[in-house]
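Before any comments, here is the structure.
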Protein chains: 2
Amino acid sequence: MARTQGSHAGTTGPKVREVALRLFAQHGFAAVSMRQIAREVGVQAGALYLYTPDKQALLFELMRGHMEELLAAWTPPGGGPMAQLEDFARHHIRFHLDRPDLVFIAYMELRNLSPENFAVIEGLRGAYEARLENILRAGMAEGVFDVADLRLATMGLISMLTGVTTWFRDDGRLTRADVEAIYWDMVRRAVSAEGAGAPARAS
Amino acid sequence: MARTQGSHAGTTGPKVREVALRLFAQHGFAAVSMRQIAREVGVQAGALYLYTPDKQALLFELMRGHMEELLAAWTPPGGGPMAQLEDFARHHIRFHLDRPDLVFIAYMELRNLSPENFAVIEGLRGAYEARLENILRAGMAEGVFDVADLRLATMGLISMLTGVTTWFRDDGRLTRADVEAIYWDMVRRAVSAEGAGAPARAS
DNA sequence: GTCTATAAGTCGATAGAC
DNA sequence: GTCTATCGACTTATAGAC
C-alpha cells in the first residue's frame, strides 16, 4: 500500500513543516537535525531541501505563519472597550491553548533567527501587542479602565494570558472555559476603573 | 602578565559556570559547544571536564543553584496577607530583573534535563509557587483577597511578574522602582476583595 | 590544573543518478 | 520528487604527557 519512494503529490511539504514544528518544540531548534526530521517524515535528508532552502528558513516560516495567523484570526468586535478587552482576552487564551507548540517556539527560538528574520517576527508581535494597548487606551479615555501605564499593562496582561500554555492540561482539574472565565475575571479587575467595571464576579 | 597556562587557583571553576550561563542564555544549550565555552574561559576543551562531569550537569547545576537561591532569598515578612503579597511581588520582580540570564535558561532549557534532574527543578519550582499560593489562601480566609481559584491566581500572577524580564531594559522609559510599583498595583487589584484592598492608586 | 591528540560519531548542505 | 553518496567541518568526551 504505502509507497516508500517516488512522488507524493504535495503531501510531503506540509508534513515536513508539521514534523519540524513538533520536533523543534520538543527538543529545541538547535538540538534537532535535518536527518531526524527526514526520518520522521519518511524521506531521506536530501529531499528536505526541495521544501526549504535551509534549516533556519524552516523555523522562520513556522514562526511567521503563526504570527500572521494570530493577527488574521481576530479583529475588534463592536461594543465598548470592556467588551473588546473581554473578547481579546478570551480569544487570546483559546488561540494559544490550541497551538502550544507554535506558541512555545515563537517565544523560545527567537534567538535562532537571523537579524532580518528576527525583525520581521518582532514587527508582527508588536502589531499584536498594539491591539491590546489600543483597547486599553480607548478604555482610559472613556474612564472605563484605570491603568498607571499603558505599555506595562499591555505587557503584564499578555504575559499572564500567554502563561496559561505553560501549565494547562486538557485532562486537568479545569476546562478551557473555566480557565478562560477565571483569567478574564483577573484581567478585568487588574485594569478596571474602581466602580466602573462589570459587576463583581459571582461567588 | 596573564598566564596562559598552569594552575589558576580556583578561578576557573566559577568562570566556567559564568561563561556557560551567558552562552546558554544567548544561544541555547544545544547550540553551545564545550569548545566554545572553553575558548571564552581561556582553556582547552578537555580542561572543562575537571569542573563538570559533562555538559548537561553544567546546565543542571546552574538551574538548581538559581532555584535554591530563589527559595533562600525570601521568607514571608510579618504582617497580614496583603503586606506579604506586596513583599513577595516586589521581591520577585527585583530578584528576576537582577538575573535575566538565569531566569531565561531556568524556563527554556527544562527540556534538556534528564528526567531525574527535571524532577528536582520542578520540585523546587513547585515549592516557590506554593509560597504565593499560601499567601493567597490566607488572604482568602481573612476576606482580604477574592480569587476564583487559588492555583490559577498563583500561576497568573507568577506569569505576569516573571514576564517583566522579557521586555525590561535598564535604559528604558521606566525605572525598576516604577515597574515594581505599577505591577504591584495590578497584582493587588487582580486579587483584592472589593472594597477591602489598599486605597486606590493615586492618579 | 592544563595541555595535546584523538576516538567515534554527527552535522548541514550539495551533486548527480533515476 | 526522491534517492544515494559524499564533503568538510563540527561534536562530546577521554587518555596520557607535563
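First the proteins, then the strands, lettered A, B, ... as listed; each starts at 1.
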Kindly write out the residues that satisfy side chain to side chain donor-acceptor pair (under 3.5 Å) with B/Glu129, not counting sequence neighbours, or none if the list is empty.
B/Arg151
Would you please name every residue forming a side chain to side chain donor-acceptor pair (under 3.5 Å) with A/Arg17, sequence neighbours left out?
none
Test your reading of the model: is there a side-chain donor-acceptor pair from B/Arg131 to the backbone of B/Trp74, 3.5 Å cut-off?
yes
Who pairs with A/Arg35 by salt bridge (charged side-chain N to carboxylate O under 4.0 Å, His left out), at least two apart in sequence or on another chain?
none
I need the full list of salt bridge (charged side-chain N to carboxylate O under 4.0 Å, His left out) pairs touching [range], with sequence neighbours left out, sorted by first then second residue.
range: residues 81-95 of chain B; result: B/Glu86-B/Arg90, B/Arg90-B/Glu180, B/Arg94-B/Glu180
range: residues 43-59 of chain B; result: none
range: residues 103-120 of chain A; result: A/Glu109-B/Arg111, A/Arg111-B/Glu109
range: residues 19-28 of chain B; result: B/Arg22-B/Glu40

Euclidean distance, atom CZ of residue A/Arg39 to atom P of D/dT2 [Å, nearest integer]
18 Å
When you measure from the side-chain N and O atoms of A/Thr12 to the phosphate of D/dT2, is any distance below 4.0 Å, counting only OP1 and OP2?
yes
When you measure from every atom of DNA chain C, which of residues 43-59 of chain A have a heavy atom less than 4.0 Å away?
A/Gly46, A/Tyr49, A/Asp54, A/Lys55
Please list, in numerical order, the residues of residues 23-35 of chain A that have a heavy atom closer than 4.0 Å to any atom of DNA chain C.
A/Val32, A/Ser33, A/Met34, A/Arg35
